[in-house]
Every structure is written in structure tokens, then in C-alpha cells.
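Step one of this worksheet: look at the structure below.
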Amino acid sequence: MSGNRPDGFDYREAGGEVRITHHGRHATTLRGGRAAEFLREVESGDPQELMARVTGNYKHGNERTARNHPRNRGR
């Protein structure tokens with residue numbers, strides 16, 4: 001299912017920083033070692049998946065379970 005794959009992410013590298021956007025809006029900025037690690041990882045994997053993970057903008061897989069929990073049903 002391609003609908004579950006993250007999309008809309010982009011990144012720009014400048015001056016030792018990596019700025020990640022999602023659908024044109026700033027999501028996060030990586031600096032130093034984390035920026036360097038990101039640039040290494042982005043070359044070897046799925047860039048959209050990596051950016052989703054780095055920004056925390058990804059599905060955990062437990063959304064339906066949490067929605068159906070008795071504590072959350074009345075909302």
C-alpha cells in the first residue's frame with residue numbers, strides 16, 4: 001500500500017545544517033553530528049521514510065488501538 005508511505009518531505013543542506021521541510025513548511029533543523037549522520041543515511045535508504053522518522057512525523061501503527069481504548073471512546 002503506497003498510501004501508508006510518508007511523502008512531501010524535502011531537505012536542504014547549507015553551512016553544516018540540514019533543514020527539513022514537510023509540504024513546504026519547516027519541520028526541523030539538524031546540526032553538527034546529527035546533520036552529518038542524516039546525510040550519510042539519506043544516501044543509503046528511503047529519504048522520505050528517514051525524514052519522517054527524524055521529524056517524528058510518522059505513523060506508529062497503534063493509532064487504531066489507541067482510538068478504540070475505553071478511555072478514549074467517549075471523545
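Looking only at side-chain heavy atoms (C-beta outward), Phe38 and Ile20 come within less than 4.5 Å of each other. Between Arg34 and Val54 the shortest side-chain heavy-atom distance falls below 4.5 Å. When side chains are defined from C-beta on, Val18 counts as touching Leu39, because their heavy atoms get closer than 4.5 Å. Using a 4.5 Å cut-off on side-chain heavy atoms (C-beta onward), Phe9 and Thr55 make contact. Taking the side chain as every heavy atom from C-beta outward, Met51 and Tyr11 approach each other to under 4.5 Å.
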Just distance, no hydrogens or angles: give the donor-acceptor pairs under 3.5 Å from side chains in residues 40-47, sequence neighbours left out.
unit_1, atom_1, unit_2, atom_2, d
Ser44, OG, Glu41, O, 3.3
Asp46, OD1, Gln48, N, 3.1
Asp46, OD2, Arg5, NH1, 3.3
Asp46, OD2, Arg5, NH2, 3.2

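Across all non-hydrogen atoms, the minimal contact from Gly16 to Ala35 is O-CB, 3.7 Å.
Residues that satisfy the side chain to side chain donor-acceptor pair (under 3.5 Å) test with Glu17, not counting sequence neighbours, are Arg31. Taking Thr29 as the reference, His26 meet the side chain to side chain donor-acceptor pair (under 3.5 Å) condition, with sequence neighbours excluded.
Between the side chain of His22 and the backbone N or O of Asp7, at least one donor-acceptor pair lies under 3.5 Å.
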